[in-house]
Amino acid sequence: MTITNAEIAETFELMADLLELQGANPFRVRSYRNSARVIRDLPEPVADIVAQDPKRLLEIDGIGESVAAKCQTLVQTGKLPQLEELRAQVPEGLLALLRIPGLGPKKAAALHKELGIQSVADLEKACREGRVRQLKGFGEKTEKAILENLSLAQQAEQRIFWADADQIVQQLLKHLKQAPGVEQAEVAGSYRRGRETVGDLDVLVVSTQPSKVMDQFAKFADVGEVLARGDTKMSIRTKRGLQIDLRVVPAESFGAALQYFTGSKAHNIELRSRARQRGLKINEYGVYRGEERIAGRTEEEVYAALGLPWIPPELREARQEFQWADQGKLPELVRLEEIRGDLHMHTSDSDGSASLEEMAEAAVRRRLRYIAITDHSPRVSMAHGLDPRRLRKQWRLIDELNDRYEGKLKILKGVECDILEKGGMDLPDDVLAEADWVVASIHYGQRQSRQQITERMLQAIEHPSVRVIAHPTGRLINRREPYQVDLETVFREAAQHGKFLEINATPDRLDLNDVHAAAARQHGVLLVISTDAHSPEGLDAMRYGVLQARRAGLSAQDVLNTRPWHEFSRLVWGKSG
DNA sequence: GCCGTTTTCGGCCCGACTGTTTTCAGTCG
């Protein structure tokens with residue numbers, strides 16, 4: 001089994017943790033963390049690069065001789081001697097201590113050195129016996145805080161879905177705006193960057209009366225406890241364990257603060273290093289030349305002061321956004337209003353909850369101009385998959401509806417046809433040939449080898465009636481692990497056969513990332529963002545799909561269903577209809 | 001450990017808050 005980029009990244013994260021506990025050079029530690037991040041986001045498996053030409057690793061920003069060599073060792077042997085060595089020196093249980101809020105590498109190391117603590121259990125015992133408070137740099141409060149935070153160690157790193165965070169955000173902003181003197185309130189952080197999950201919330205408020213805002217914040221219905229409160233900054237934890245940080249800033253610093261707290265951390269480090277090169281300093285209050293503030297009121301101002309165009313928050317991950325900005329190639333990210341069609345949805349004929357008419361009506365209300373009805377094929381018996389007879393019956397009804405909606409909505413006669421375990425499609429060719437829009441989908445045999453699954457997908461791509469491949473990246477609802485598929489081959493072949501790849505819009509999983517987007521662009525494949533709705537409300541999930549697409553750096557041009565109907569027809573069938 | 005419009009050495013983003021201090025280190029974002 002070849003090692004994945006995620007596994008390599010994890011290895012380097014672990015190296016960083018262990019080195020930090022040993023008190024190693026903090027820049028060396030950061031370097032490992034940086035390598036981990038870069039490798040996690042890499043468009044190509046490190047294993048493939050090593051197999052082709054290991055020297056190419058050195059071309060990647062943030063990876064040097066040492067990490068490149070370690071990558072090679074990891075790919076070839078699956079192990080890393082340097083890591084084993086470090087592990088032998090640092091007790092396993094110490095790593096868990098780092099997960100306790102308030103405990104960092106220095107304190108964890110001191111606990112180990114002075115009190116011989118090797119695990120969370122040891123630490124709890126030492127705290128209860130009052131031994132921790134006697135250590136230099138520790139005190140009664142620290143000891144008490146550790147005991148209180150022990151249970152948090154497990155639930156730390158728990159992130160909530162963006163959609164859930166969004167609900168809290170809307171309530172919180174409404175609540176805060178009721179405080180006197182509030183001019184502006186925004187949520188920054190990973191929420192603003194549109195990450196699929198959010199670990200905490202960073203709220204920014206412009207106000208001349210910070211203490212009034214903080215009082216109001218403390219009265220937010222969800223507040224479980226107040227963690228800290230200073231002059232400009234306050235932190236709380238909600239009853240369900242989500243941390244929310246509040247900063248009150250003056251109007252002239254709002255842009256700088258918004259930029260700073262939106263992050264990402266890696267993006268900000270790059271930005272600051274650029275400021276430094278220009279003899280400028282940037283912090284959450286503004287951009288400074290010496291003592292003089294030269295920007296800060298808006299984000300646009302801040303970026304402009306550094307010679308950069310405004311970079312959309314969804315792109316701020318220190319991937320390629322600076323390179324794009326330098327070359328004037330920042331994408332114009334796709335917007336929800338640009339989506340004109342939804343090409344994957346179910347009705348009560350299979351496992352949907354609403355009738356065909358209800359779905360069509362819902363689409364019209366959402367200003368869609370065309371949709372495809374794509375119920376399941378017979379193999380998905382659990383969902384009452386449609387056989388040819390029922391399918392044709394549904395299609396006759398669609399013909400009628402199309403007459404009724406003439407000029408308002410175009411309904412495509414579609415089907416989500418399974419790609420069978422042993423290859424081939426789940427419906428006869430003559431039936432598929434009658435459909436306007438065939439989505440090919442793998443639901444069964446997901447545990448097959450990468451090669452087998454790729455082969456099945458290729459067959460579907462080559463099938464003359466198939467238009468689009470659903471979940472090409474292998475991510476499906478109810479499956480934690482994606483199935484394995486050779487993306488490179490699938491993208492290339494799809495492009496060659498004029499087929500499309502579908503990205504599902506759901507609030508709780510990520511089908512698409514910048515890696516897939518880059519592959520799509522490279523091969524010239526158009527992507528389809530679909531909701532896979534099973535109810536009228538399901539159509540609203542389109543906003544999550546668009547958010548994913550934006551994070552991946554896609555513009556309207558990269559997405560098939562932003563096209564007006566005549567252009568869509570030409571791209572799909574080679575003629576305008 | 002990485003990197004170079006200060007290029008093979010000497011730097012590496014910056015500030016708030018807390019607790020333990022009596023001027024600051026550690027942690028966090």
Side-chain angles (χ1 to χ4, degrees), chain A residues 12 15-16 19-21 23-39 57-71 82 97-111 132-146 149 156 188-191 193 198-204 210 214 226-235 237 243-249 253 256-257 259-288 306-307 318 326:
Chain A
F12 288 135
M15 287 280 290
L19 283 167
E20 211 168 22
L21 280 170
N25 178 350
F27 296 108
R28 190 173 162 217
V29 173
R30 184 159 99 193
S31 185
Y32 275 114
R33 292 204 198 286
N34 203 27
S35 300
R37 183 182 57 80
V38 168
I39 287 170
L57 287 170
L58 294 173
E59 293 167 17
I60 302 165
D61 240 15
I63 294 182
E65 298 276 355
S66 164
V67 168
K70 289 184 175 72
C71 283
Q82 292 93 332
L97 264 48
L98 293 179
R99 307 276 104 82
I100 300 171
L103 274 193
K106 292 276 164 44
K107 286 205 160 120
L111 287 165
V132 169
R133 71 180 73 171
Q134 291 160 10
L135 248 50
K136 186 163 181 284
F138 292 73
E140 269 185 62
K141 283 203 171 181
T142 311
E143 193 175 77
K144 193 158 162 274
I146 290 174
N149 286 337
S190 53
Y191 168 80
R193 299 203 311 280
V198 173
D200 62 6
L201 292 177
D202 299 288
V203 189
L204 283 181
M214 291 188 186
V226 175
L227 300 173
R229 178 170 172 166
D231 293 337
T232 61
K233 183 184 161 179
M234 176 168 164
S235 296
R237 187 157 24 233
Q243 185 168 333
I244 308 181
D245 299 325
L246 171 81
R247 270 102 177 170
V248 185
V249 298
S253 292
Q259 192 293 312
Y260 181 79
F261 292 111
T262 296
S264 67
K265 190 174 177 143
H267 176 92
N268 284 359
I269 288 177
E270 170 70 24
L271 203 67
R272 270 143 210 275
S273 136
R274 283 179 173 236
R276 178 176 273 271
Q277 280 166 22
R278 293 169 168 256
L280 302 172
K281 193 180 76 167
I282 170 169
N283 58 29
E284 57 263 54
Y285 301 108
V287 182
Y288 293 84
L306 302 173
D326 289 339

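To find a chain, count down the sequence lines: A is the first, B the second, and so on, and within it residues start at 1.
Within 4.0 Å of A/Val67, counting heavy atoms only, lie sugar-phosphate atoms of the nucleic acid but no base atom. Contact annotation for A/Ser235: no contact, since no heavy-atom pair falls under 4.0 Å across all strands. Heavy atoms of A/Pro105 sit under 4.0 angstrom from primed sugar atoms or phosphate atoms, though from no base atom. At the heavy-atom level, A/Glu140 lies under 4.0 Å from the strands shown only through sugar-phosphate atoms. Using a 4.0 Å heavy-atom distance criterion, A/Lys144 is classed as making no nucleic acid contact.
For A/Ser31, taking side-chain heavy atoms from C-beta onward, the closest of the listed nucleotides B/dG15, B/dC17, B/dC2 is B/dC2. Distance from the side chain of A/Asp61 is smallest for B/dC3 among the nucleotides B/dG19, B/dC3, B/dC17. Between B/dA16, B/dG1, B/dC14, one nucleotide has an atom nearer to the side chain of A/Arg276 than all others, and that is B/dC14. Taking the side chain of A/Arg30 as heavy atoms from C-beta on, and the options B/dC2, B/dC13, B/dG29, the nearest nucleotide is B/dC13. Checked against B/dT18, B/dT20, B/dC13, the side chain of A/Phe27 finds its nearest nucleotide in B/dC13. The side chain of A/Ala228 approaches B/dT18 more closely than any other nucleotide in the set B/dG1, B/dT18, B/dT20.
Taking atom C1' on both nucleotides, B/dT5 is separated from B/dG1 by 23 Å, rounded to a whole Å. If you take atom P in B/dC28 and the same atom in B/dT23, they sit 26 Å apart, rounded to whole Å. Of the C1' atoms belonging to B/dT8 and B/dG19, the separation is 43 Å, rounded to the nearest Å. Taking atom C1' on both nucleotides, B/dT21 is separated from B/dG26 by 13 Å, rounded to a whole Å. One C1' atom belongs to B/dG15, the other to B/dT22, and the distance between them is 22 Å to the nearest Å. Atom name P, nucleotides B/dC2 and B/dC13: the rounded distance is 16 Å, in whole Å. Atom name P, nucleotides B/dA16 and B/dC9: the rounded distance is 38 Å, in whole Å. Nucleotides B/dC12 and B/dT6 are separated by 14 Å at their C1' atoms, to the nearest Å.
Between B/dT20 and A/Thr142, a contact under 4.0 Å exists linking OP1 or OP2 to a side-chain N or O. Distances shown here put a side-chain N or O of A/Lys70 below 4.0 Å from the OP1 or OP2 atom of B/dG1. Under 4.0 angstrom from either OP1 or OP2 of B/dA25 there lies no side-chain N or O belonging to A/Lys136. An OP1 or OP2 oxygen of B/dC13 is reached within less than 4.0 angstrom by no side-chain nitrogen or oxygen of A/Tyr288.
Closest approach of A/Phe12 to A/Ala36, counting heavy atoms only: CB-CB, 4.0 Å. Heavy-atom minimum distance, A/Ala188 versus A/Thr262: CB-OG1, 3.4 Å. When all heavy atoms of A/Val67 and A/Ser35 are compared, the pair lying nearest together is CG2-OG, 3.5 Å. Of all heavy-atom pairs spanning A/Asn283 and A/Ala256, the tightest one is O-CB, 3.8 Å.
Ionic pairing of A/Glu284 and A/Lys233 is not present here: no N-O contact between side-chain nitrogen and carboxylate oxygen is shorter than 4.0 angstrom.
Note: CD (A/Gln277) to C1' (B/dG10) measures 15 Å, nearest angstrom.
Base pairing analysis places B/dC2 opposite B/dG11; the two distances defining the Watson-Crick or G-U wobble pair are each below 3.5 Å.
Looking at residues 262-274 of chain A, you'll see A/Lys265, A/Ile269, A/Arg272 sit with a heavy atom under 4.0 Å from some atom of DNA chain B.
You'll find the side chain of A/Tyr32 reaches within 4.5 Å of the side chain of A/Lys70, heavy atoms only. Considering only heavy atoms from C-beta on, A/Leu280 comes within 4.5 Å of A/Leu306 through its side chain.
Residue A/Asn25 places a side-chain atom within donor-acceptor reach of the base of B/dG1, judged by atom type and a 3.5 Å distance cut-off alone. Checked by distance alone, A/Tyr260 brings a side-chain donor or acceptor within 3.5 Å of a matching partner on the base of B/dG29.
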